[in-house]
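The block underneath contains the structure these notes are about, expressed in structure tokens.
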Amino acid sequence: MIRDISIAVHSSTPPWPEDTPFSCKWTWAMAEGASVNVSAITSSPHVGTHADAPLHVHEGWPGAHELPLDVFHGPATVVDVSDARGPISLADLDARAQLAGVERLLLRTGRTIAGGEFPRDWPSIDERCARDLVGRGLRLLGVDAPSVDARESKALAVHRMLFSGNAFILENLDLRRVPPGGYELIAFPQKLMGLDAAPVRAVLRDNRL
């Protein structure tokens with residue numbers, strides 16, 4: 001079974017406040033006599049499901065075209081943290097799932113733009129938890145929320161800790177109908193030269209069947 005965990009992108013998909021929303025126009029339209037339909041889009045790469053690049057938080061760090069593909073494909077564990085209050089510690093995660101050896105961790109916070117509204121806040125791990133996860137071998141952290149950091153964060157310490165530890169980030173996943181457990185993740189980012197993020201079509205293959 002393949003589960004699509006990508007956010008549908010359209011003109012009503014909520015962007016980060018004050019970021020560039022998605023919009024589309026038609027360069028050529030068959031309804032107007034053209035031989036083909038050809039569209040043109042304008043959007044922040046952070047609208048919908050996407051992979052952040054290290055360049056997003058640090059000038060001179062790698063851009064989206066340099067994201068390593070192997071990180072975005074492989075065994076992944078989904079953990080439900082929707083009942084968490086305050087910063088999530090490693091102990092909080094260990095109480096919910098067996099994470100030894102987990103390289104790809106997807107957190108279901110229950111605060112997602114998938115329903116059409118930008119959430120006011122969401123549970124997020126703290127910097128120490130990010131460091132400890134990287135120390136255990138984490139290569140990818142994905143969340144259904146708009147960010148791996150808290151909404152009000154300006155330092156983006158979790159982003160920086162993950163990138164400094166050679167781990168990577170997926171944001172705006174749609175995990176509403178995904179039970180906790182183990183899956184195969186396939187979520188390759190587009191090869192966009194020098195950008196701070198790249199759109200992703202993310203899917204999970206159910207390994208439990």
Side-chain angles (χ1 to χ4, degrees), residues 1-9 13 45-54 64 67-84 88-116 119 122-126 129-149 158-159 161-163 165-191 197-209:
M1 178 179 182
I2 293 180
R3 302 172 184 266
D4 188 350
I5 57 168
S6 309
I7 298 289
V9 176
T13 304
H46 298 270
V47 175
T49 306
H50 65 277
D52 279 350
L67 291 169
L69 295 182
D70 61 307
V71 173
F72 296 91
H73 179 212
T77 298
V78 175
V79 177
D80 188 349
V81 295
S82 58
D83 63 344
I88 300 169
S89 67
L90 186 62
D92 294 329
L93 294 178
D94 283 337
R96 290 171 165 81
Q98 174 54 254
L99 298 180
V102 170
E103 293 187 344
R104 298 168 190 85
L105 177 61
L106 309 181
L107 300 182
R108 191 176 72 187
T109 71
R111 277 71 149 195
T112 170
I113 66 168
W122 49 83
S124 59
I125 66 171
D126 57 24
C129 181
R131 183 183 68 239
D132 291 344
L133 287 170
V134 169
R136 286 186 177 185
L138 185 77
R139 304 180 69 200
L140 177 71
L141 178 64
V143 294
D144 59 352
S147 177
V148 296
D149 277 285
V158 174
H159 279 78
M161 181 58 66
L162 292 171
F163 288 140
N166 204 33
F168 296 89
I169 294 168
L170 286 173
E171 294 170 333
N172 281 336
L173 299 170
D174 185 357
L175 300 175
R176 291 175 295 175
R177 298 174 182 85
V178 179
Y183 300 86
E184 178 189 3
L185 172 70
I186 306 169
F188 295 125
Q190 283 189 275
K191 192 173 184 178
V200 166
R201 183 66 179 266
V203 301
L204 292 176
R205 180 176 289 145
D206 197 331
N207 290 334
R208 299 170 300 170
L209 299 178

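Counting from 1, the numbers follow the sequence of the chain as shown.
Within 6.0 Å of the CZ atom in R201, the count of heavy atoms belonging to other residues, nucleotides or ligands does not exceed 12.
Within the 3.5 Å criterion, the main-chain N or O of D126 finds no donor-acceptor partner in the side chain of S89. In this structure, W122 contributes its side chain and S82 its backbone to no donor-acceptor pair below 3.5 Å. Remark: side-chain polar atoms of R96 are paired, donor with acceptor, to backbone N or O of D80 under 3.5 angstrom. Of the possible donor and acceptor atoms, one in the side chain of R104 sits under 3.5 Å from a partner among the backbone N and O of V71.
Atom CD1 of I169 is separated from atom CG of D149 by 7.5 Å, given to the nearest 0.5 angstrom.
Between A97 and V79, the closest heavy-atom pair is CB-CG2, 3.7 Å. Closest heavy-atom contact between L185 and A76: CB-CB, 3.8 Å. Listed here is the closest heavy atom pair of L93 and C129: CD1-SG, 3.7 Å. Across every non-hydrogen atom of R177 and R3, the tightest pair is O-NH1, 3.2 Å. Nearest heavy-atom pair across L138 and E103 is CD1-O, 3.5 Å. The nearest pair of heavy atoms linking Y183 to D206 is CD2-CA, 3.8 Å.
A 4.5 Å side-chain heavy-atom check between L67 and F168 finds at least one atom pair inside the cut-off. Between D70 and R139 there is a side-chain heavy-atom pair separated by less than 4.5 Å. Inter-residue side-chain proximity for L69 and P189 is flagged as met; some heavy-atom pair is nearer than 4.5 Å. Counting heavy atoms from C-beta outward, S147 and S124 have side chains that stay 4.5 Å or more apart. Side-chain contact between L140 and L170 is present, with heavy atoms from C-beta onward closer than 4.5 Å. Within the 4.5 Å cutoff, side-chain heavy atoms of T112 are placed close to those of I7. When side chains are defined from C-beta on, I125 does not count as touching V148, because their heavy atoms never get closer than 4.5 Å.
Relative ring orientation between H73 and F188 is described as perpendicular, the plane-to-plane angle rising above 60° on a 0-90° scale split at 30° and 60°.
Checked against L106 for a side-chain contact (heavy atoms from CB on, under 4.5 Å), the options V178, L204, V143 give a single hit: L204. Evaluated for a side chain to side chain donor-acceptor pair (under 3.5 Å) with D144, the options T49, N172, T109 yield exactly one hit, T109.
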